[in-house]
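Read through the structure below, which is laid out as structure tokens, and then see the notes.
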Amino acid sequence: MVQGVEVGVGEVVEALLARVRAARAGLAAAVAAEDPYAVAVAQDELDDAVRFARRHGLDVTVAGADEE
């Protein structure tokens, strides 16, 4: 732990969920822009964010790129 830095569990959970939400939004924007490269990058970010959240015990679901 970094000395002098305290982060509550709730803050960590919120940060992980915010990352998943941002990744989903990025993927939706890339799909809307019809940019295959941006879609691939955004999908990788979403996969990573979801994997990281699940590794830390959060139950997040992955919606398809064409779902809202």
Side-chain angles (χ1 to χ4, degrees):
M1 183 165 117
V2 177
Q3 194 170 13
V5 176
E6 282 189 39
V7 178
V9 173
E11 293 174 41
V12 172
V13 168
E14 186 52 40
L16 290 170
L17 293 176
R19 182 178 175 199
V20 171
R21 284 191 297 271
R24 285 183 177 145
L27 180 57
V31 168
E34 298 180 3
D35 182 341
Y37 177 75
V39 169
V41 170
Q43 184 65 60
D44 285 346
E45 170 59 20
L46 179 56
D47 291 345
D48 191 50
V50 167
R51 184 173 27 259
F52 197 73
R54 286 181 177 163
R55 185 180 315 146
H56 288 83
L58 296 176
D59 182 24
V60 291
T61 58
V62 178
D66 57 346
E67 296 177 13
E68 293 187 30

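These figures come from a predicted structure and were not determined experimentally.
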Legend entry - Asp35: side chain to side chain donor-acceptor pair (under 3.5 Å) partners, not counting sequence neighbours: none
Legend entry - Distance in Å, Arg51 CZ paired with Asp44 CG, rounded so as to fall on 0.5 Å steps: 8.5 Å
Legend entry - Distance (rounded to the nearest 0.5 Å) between Glu11 CD and Leu16 CG: 12.0 Å
Legend entry - Over all atoms of both residues, closest heavy-atom pair of Ala42 and Ala30: CB-CB, 4.3 Å
Legend entry - Validation row: Val50, Arg54 side chains within 4.5 angstrom (heavy atoms): yes
Inset, instruction - Give a yes or no on whether Leu46 and Val41 share a hydrophobic cluster (residues Ile, Leu, Val, Met, Phe, Trp, Tyr; joining criterion: side-chain heavy atoms under 4.5 Å apart). - result: no
Inset, instruction - Could you pull out all residues at least two apart from Val13 that satisfy side chain to side chain contact (heavy atoms under 4.5 Å, CB included)? - result: Val9, Leu17, Leu58
